[in-house]
Amino acid sequence: MREFLRLDNKLILKLKIKPLSPLLIKLGNKEKDSEDKDGNYIGFLTTESSTGTKLEYNGGSEKITEDNRKGEIYIPGSSLRGAFRDRTLDIFYNNEDEIEKLYGVSEGEKALKTRIFIGDAFLYKVDDRKRFYSDSDKISESLKDILKSRSITPIDHFSGKATVPLKFEYTTENFLSEITVNNISLKELKTLYFILRDSINGELRIGNSKTRGFGQIELEIEEMLYYKYFGKKELVKDMNKYFERVEKKSIKIGDKYLCEALKLKENFNKIDVENPNEFIKALFAEVE
């Protein structure tokens, strides 16, 4: 408990989520979602409510016969957390101890509280989010440029013949999420960068129907804030080269900062796998 209450630093990372393939939209129907569990993910993009929406199921395909959905589409933080946890497990070569230190565990005496919190991701453009609420009764027809549909014809693996066509609702819009990590270590910050690199290399997928080509995403840093508390060690040497102080979010008494809010300079936000920027070089030159 003492370890959980102590706060040496805090990282807040805003990430832009760019779909490289369509993102499948789930209706949020509890009975249907309970049948569609895919690994660590349950459903994917959902509306806040699908009450009153009528569906027909034909060979696994959903057809909306009456659309009374309200609210906006979003990516549940649990889906993102599952994807991040899986990639972290790969990076640490299935070392569960390292995973539990960050993601927590709830097993008897070994219980640890999580230090990483991943929020739901909403549409990147605020104006697009507002459009979902422009019609108080149901989702407007004007959203067809955001909510799209697609049909595919699967092949039966045994007979080799085409089966009943499946129709999917999907979006290719960008989303924005926020990750908070308390008491982040140098190794864990490097791990986050490895996950960002993997997404750029096309190795990160989320949601259902990944084997059908859905759910491939690329992550971009929109903003990185690092909160450094008085008397605590910096993660990277000469942080002032790469970060700028945000006075409005810092806490200062006299000439000393109890909490110094540092923002990664914009020119270091972009990740180029082939030509890493100076901050990335400094980060991976550090030894914990």
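The shown structure was predicted, so the numbers you read here are calculated from the model rather than taken from an experiment.
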Before giving the answer on side chain to side chain donor-acceptor pair (under 3.5 Å), spell out for Glu260 and Tyr229 the whole-Å C-alpha distance, their side-chain angles and the decisive distance to 0.1 Å. CA-CA 6 Å; Glu260 190 176 10; Tyr229 292 87; over 6 Å; no
Looking at [X] and [Y], would you say the former's side chain and the latter's main chain have a donor-acceptor pair under 3.5 Å?
X	Y	answer
Arg205	Phe214	yes
Ser177	Gly119	yes
Asp128	Leu123	no
Asn277	Lys270	yes
Ser21	Gln216	yes
Arg115	Asn182	yes
Ser199	Ile217	no

Should Leu20 and Ile75 be counted in the same cluster of Ile, Leu, Val, Met, Phe, Trp and Tyr side chains packed under 4.5 Å apart? no
Transitive ILVMFWY side-chain link Ile118 to Phe92, under 4.5 Å: yes
Indicate yes or no: at least one non-hydrogen side-chain atom of [X] is less than 4.5 angstrom from one of [Y].
X	Y	answer
Leu147	Glu169	yes
Leu80	Ile17	yes
Lys14	Ile179	no
Lys130	Asp127	yes
Arg245	Asn240	no
Leu23	Phe175	yes
Glu220	Asn269	no

Looking only at non-hydrogen atoms, find the nearest pair between [X] and [Y] and report the distance.
X	Y	answer
Asn9	Ile184	OD1-N, 2.8 Å
Lys148	Thr172	NZ-OG1, 3.4 Å
Phe243	Met224	CZ-SD, 4.1 Å
Lys256	Phe230	CD-CE1, 3.9 Å
Pro19	Asn174	CD-OD1, 3.4 Å

For the pair [X] and [Y], find out whether any cationic side-chain nitrogen is under 4.0 Å from an anionic carboxylate oxygen.
X	Y	result
Arg87	Glu203	yes
Lys16	Glu218	no
Lys190	Glu188	no
Arg85	Glu96	yes
Lys265	Glu244	no

Leu24, Asp145, Ile73 screened by side-chain contact (heavy atoms from CB on, under 4.5 Å) with Thr171, the one that passes: Ile73
Can you confirm if the aromatic rings of Tyr74 and Phe122 lie within a centre distance of less than 6.0 Å? yes
Validation row, ring centre Tyr103 to ring centre Phe84 under 6.0 Å: no
Please state whether the rings of Phe268 and Tyr242 are parallel, tilted or perpendicular, taking 30° and 60° as the class boundaries. perpendicular
Using 30° and 60° as the class limits, which term best fits the ring planes of Tyr193 and Phe284: parallel, tilted or perpendicular? perpendicular
Just how far is it from atom OG1 of Thr180 to atom CG of Leu225, taken to the nearest 0.5 Å? 10.0 Å
Taking the six-membered ring of Tyr257, is NZ or CZ of Lys228 closer than 6.0 Å to its centre and within 45° of its axis? no
Checking side chain to side chain donor-acceptor pair (under 3.5 Å) between Tyr124 and each of Lys18, Glu222, Arg129, Glu173, which is the one that passes? Glu222
